[in-house]
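Accompanying notes for the structure given below.
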Amino acid sequence: MKSGKVDLGYRSALKNLRKTKAKLIIVANNCPALRRSEIEYYALLSGAGVHHYNGSNIDLGTACGKYFRVSMLTVTDAGDSDINFSVPGQ
């Protein structure tokens with residue numbers, strides 16, 4: 001997370017999806033099923049991609065360099081990274 005813009009959390013993910021600013025959503029594997037399905041639905045409507053992280057929310061927070069749990073991460077600007085934002089069906 002050295003370059004680009006990301007937001008952490010469920011509420012900011014919903015806000016970015018409603019504004020169609022989100023390009024990719026990364027969701028922890030222990031995120032509740034109702035929240036996960038709601039995020040997938042909004043991502044489908046806004047054209048953003050969803051990636052299911054294979055670790056828990058504690059692992060996702062550690063991968064972000066934070067000392068707290070992160071249920072989902074929203075990428076709004078990739079920066080210098082080479083993340084492929086391809087969405088299935090486009």
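- Closest non-hydrogen pair, Cys64 versus Leu73, comes out as SG-CD1, 3.2 Å.
- In terms of hydrophobic clustering, with Ile, Leu, Val, Met, Phe, Trp and Tyr side chains grouped at heavy-atom distances under 4.5 Å, Tyr10 and Val50 are assigned to a common cluster.
- A single hydrophobic cluster is seen to contain both Ile26 and Leu8, as judged by linkage of ILVMFWY side chains at heavy-atom distances under 4.5 Å, directly or through other members.
- Cluster membership check: Tyr67 does not share its hydrophobic cluster with Tyr53, using side-chain heavy-atom separations under 4.5 Å among Ile, Leu, Val, Met, Phe, Trp and Tyr.
- Under the 4.5 angstrom side-chain criterion for Ile, Leu, Val, Met, Phe, Trp and Tyr, the cluster partners of Leu45 are Tyr41.
- To the nearest 0.5 angstrom, Leu34 atom CG is 10.5 Å from Ile39 atom CD1.
- The shortest heavy-atom contact between Ala13 and Ile25 is CB-CD1, 4.3 Å.
- In plain terms, the two heavy atoms of Val70 and Gly61 that are nearest each other are CG2-CA, 3.7 Å.
- Proximity of a side-chain donor or acceptor of Thr76 to a complementary backbone N or O of Lys5 within less than 3.5 Å is detected.
- When the side chains of ILVMFWY residues are joined at heavy-atom separations under 4.5 Å, either directly or via intervening members, Met72 and Leu17 end up in a single hydrophobic cluster.
- Here the side chain of Asn30 pairs a donor or acceptor atom with the backbone of Asn57 at under 3.5 angstrom.
- We find the CZ-OG distance between Arg36 and Ser71 to be 10.5 Å, quoted to the nearest 0.5 Å.
- Between Gly9 and Ser12 the shortest heavy-atom distance is O-OG, 3.3 Å.
- At distances below 3.5 Å, not a single donor-acceptor pair connects side-chain atoms of Arg18 with backbone N or O atoms of Tyr42.
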Determine whether Arg35 and Val27 satisfy the following criterion, side chain to side chain contact (heavy atoms under 4.5 Å, CB included), listing intermediate values before the conclusion.
CA-CA 10 Å; Arg35 281 190 175 186; Val27 182; over 6 Å; no
When you look at Asn29 and Ser56, which way does the side chain to side chain contact (heavy atoms under 4.5 Å, CB included) test go after all the steps?
CA-CA 5 Å; Asn29 69 348; Ser56 67; 4.1 Å; yes
